[in-house]
**Student:** 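Mind looking over this structure? Questions follow.
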Amino acid sequence: MSITNSETKGYFGEFGGSFIPDDLQHVMNILEENFLRYKDDPTFQEEFKFYLKEYVGRENPLTFAENLTKQVGGAKIYLKREDLNHTGAHKINNAIGQILLAKRMGAKRIIAETGAGQHGVATATACAMFGMDCVIYMGKLDTQRQALNVFRMELLGAKVVPVEKGQGRLKDAVDAALDDLVENYQNTFYLLGSAVGPHPYPTMVKHFQAIISEESKRQILEKEGKLPTAVVACTGGGSNAIGAFAHYIDDENVRLIGVEPEEAPTLSQGVPAVLHGFKCITLLDEQGEPKPTFSIAAGLDYPGVGPEHSYMKVNGRAEYVTIKGEEALEAFQVLSKTEGIIPALESSHAVAYAVKLAKELSADDVIIVNLSGRGDKDVEQVFNMLKK
Ligand SMILES: *Cc1c(COP(=O)(O)O)cnc(C)c1O
C-alpha cells in the first residue's frame, strides 16, 4: 500500500488522499498529471462547454417554484433544473468531462461500475456519442434487479459484465473494474460517477460538476440581485451537492445544506475511515465493515461520501441533515402537483428539506434546491409503494 505523502494531493483536512496498491497508484498518478494539464486548458474547456450546450442542453433554467413557495409560505424556493439535462440528471456533466479527458489521454475504451444503473446509463450514453468502447461492470444481483437499465446500456452499445464474485453487489463491481484498469490502463479509462474514490477523482468530479453552481450563481444574481440564503442538495456520494455548492463555498453567508436519507445517514452518524481507496466519514457496522444501507432512492444508498463533504461537515462550512423516506415520498408528490415537475426520489429528499427550511425563513430569503434528476425512472417504484 502506498499513501500519497504530499499534503496537497487530494486532501481536504484529514480526508481524501489515496490508499491503494502501488500498481493502481501508478495509474492514478498518470491520471492526475493529465487532469492538471487539461483542466484549465482553454481548448479543453471550450470543448467541454460545447458538448454541455449542444448535447446536454445547458444552461438549464433556475426555475422559481412560485406555487410551491405560496403553498409553503416563507422563503422563495428556486429549482436548479438538472432534471432537464439529456438523460435526466446531473451525472452526464461528469461523464462528458471525463470522456473528453480520456480522449486527450488516447484511451479507446471506457470502463465504469454501476449499482442501480444510473451512472452506467450516463456513461454508455456519452460513450455512444464519442464512439468509445464501453464496458460496464455490475454486480450479478444488481443486473437482475435492474434488468431494464441493463437493456438500456446495451441499446446504447455498451457491454454489461455481471460480476458473480463476492456478493454480486456494487463493491464487487468496483473491484472488477479496478482489476480491469490495472491490467489495461494503457488504452482504458475508468470513469467514476461520484465525488468519491482515490485522488484525483473527487477533485476532478467537482471540477466537472461545478458548472451547476457556476450557472446558478449567475442566474440568481440576475433574478434576485443577491446570493441565496441557502443551497440545498441531496447527498449520496456527493457529486451533485459539491457541484451545487462549489461556487458558493467562499461566500460564507450562504448556507450549504446536504440532505441524506435517514436510512443512510453517512455524515450524520458516520466515523472517519478508509473506504474504497480514500478517507471519508463512513458508516461502519460492529465488525468495522461498511454498513449496508436501505434508502428508497438507489442513488443515495452508499455508506461513504466524498472527502470534501466530510471536511466541510467537520469544519462546519456545510450542514448535513436527514430526511425520512416517507418525507421524500411526500415531497415527490407535492412538487409534482404544485409545479408539474416529477423529481427523482434522490432529489425529493432535498425538496423535502427545503420545504421545512422555507417555513422557518422569511419572504426575503431565497433557497436554491438542486433538482439533481427527474423522477420518470421512479414512477413505477412510487406506484408500488403508494399501493401498499
Ligand atoms: C446518482 C444520483 C444522485 C446521487 O449521487 P451524488 O453523487 O450524491 O450526486 C442523486 N440524484 C440523482 C438523480 C442521481 O442519479
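We use all heavy atoms of the structure for the numbers below, so side chains are in, but hydrogens, waters and symmetry mates are not.
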**Student:** If we ignore angles and hydrogens, is there a donor and acceptor under 3.5 Å between the side chains of Ser268 and Glu260?
**Tutor:** yes
**Student:** Indicate yes or no: does Lys103 engage Glu47 in a salt bridge with an N to O separation below 4.0 Å.
**Tutor:** yes
**Student:** Heavy-atom count around Glu54 CD within 6.0 Å, excluding the residue itself: above 12?
**Tutor:** yes
**Student:** Can you find a side-chain donor-acceptor pair between Ser347 and Ser372 that sits under 3.5 Å?
**Tutor:** yes
**Student:** Look only at the side chain of Gln381 and the backbone of Ile296, and say whether a donor-acceptor pair between them is shorter than 3.5 Å.
**Tutor:** yes
**Student:** Between Asp41 and Arg37, does any NZ, NE, NH1 or NH2 come within less than 4.0 Å of an OD or OE carboxylate oxygen?
**Tutor:** no
**Student:** Mind checking whether Phe208 and Phe44 have parallel, tilted or perpendicular rings, split at 30° and 60°?
**Tutor:** tilted
**Student:** Shared ILVMFWY cluster between Tyr51 and Val121, side chains joined below 4.5 angstrom?
**Tutor:** no
**Student:** So, for His207 and Phe35, is the gap between ring centers shorter than 6.0 Å?
**Tutor:** yes
**Student:** Over 60° means perpendicular and under 30° means parallel, so classify the ring planes of Phe64 and Tyr78, tilted if in between.
**Tutor:** tilted
**Student:** Cation-pi between Lys279 and Phe19: NZ/CZ under 6.0 Å from ring centre and within 45° of the ring axis?
**Tutor:** no
**Student:** Classify the ring geometry of Tyr302 against His276: parallel below 30°, tilted from 30° to 60°, perpendicular beyond 60°.
**Tutor:** tilted
**Student:** Examine the side chains of Gln45 and Lys39 and answer whether a donor and an acceptor come within less than 3.5 Å of each other.
**Tutor:** no
**Student:** For the rings on Tyr190 and Tyr185, is their centre-to-centre separation under 6.0 Å?
**Tutor:** no
**Student:** Pair Asp142, Arg145 - check salt bridge (charged side-chain N to carboxylate O under 4.0 Å, His left out), show working.
**Tutor:** CA-CA 5 Å; Asp142 290 329; Arg145 294 195 303 190; 2.9 Å; yes
**Student:** Is it the case that Ser239 and His90 place a side-chain donor and acceptor less than 3.5 Å from each other?
**Tutor:** yes
**Student:** Should we count CG of Asp250 as having more than 12 external heavy atoms under 6.0 Å?
**Tutor:** no
**Student:** Can you confirm whether Tyr248 sits close enough to Asn253 that some side-chain heavy atom of one is under 4.5 Å from a side-chain heavy atom of the other?
**Tutor:** no
**Student:** Assess, by modelled atom type and distance only, whether the side chains of Gln209 and Asn240 contain a donor and an acceptor separated by less than 3.5 Å.
**Tutor:** no
**Student:** Under a 3.5 Å cutoff, is there a donor and acceptor pairing between the side chains of Asp301 and Thr293?
**Tutor:** yes
**Student:** Under 4.0 Å between a side-chain nitrogen and a carboxylate oxygen: does that hold for Glu263 and Lys324?
**Tutor:** no
**Student:** Taking atom types as modelled, is there a side-chain donor on Asn85 or Arg374 under 3.5 Å from an acceptor on the other?
**Tutor:** no
**Student:** Run the salt-bridge test on Lys377 and Glu346 with the 4.0 Å N-O cut-off and return the result as yes or no.
**Tutor:** yes
**Student:** Is it the case that the side chains of Gln98 and Asn94 hold a donor-acceptor pair, with the cut-off being a distance below 3.5 Å and no angle test?
**Tutor:** yes
**Student:** Please report whether the ring centroid of Phe278 lies less than 6.0 Å from that of His199.
**Tutor:** no
**Student:** When you check the gap from the basic side-chain N to the acidic O, do Glu66 and Lys70 get nearer than 4.0 Å?
**Tutor:** yes
**Student:** Is the ring pair Phe12/Tyr311 parallel, tilted or perpendicular, if the boundaries are 30 and 60 degrees?
**Tutor:** tilted
**Student:** For Lys49, is there an ion pair with Glu59 - N to carboxylate O distance below 4.0 angstrom?
**Tutor:** no
**Student:** Assess whether a salt bridge exists between Lys159 and Asp133, defined as any Lys/Arg side-chain N lying under 4.0 Å from an Asp/Glu carboxylate O.
**Tutor:** no
**Student:** Between Gln71 and Asn67, is there a side-chain heavy-atom distance shorter than 4.5 Å?
**Tutor:** no
**Student:** Going by distance alone, is a donor N or O of one side chain under 3.5 Å from an acceptor N or O of the other, for Asn29 and Gln25?
**Tutor:** yes
**Student:** Looking only at side chains, do Asn93 and Glu82 share a donor and an acceptor under 3.5 Å apart?
**Tutor:** yes
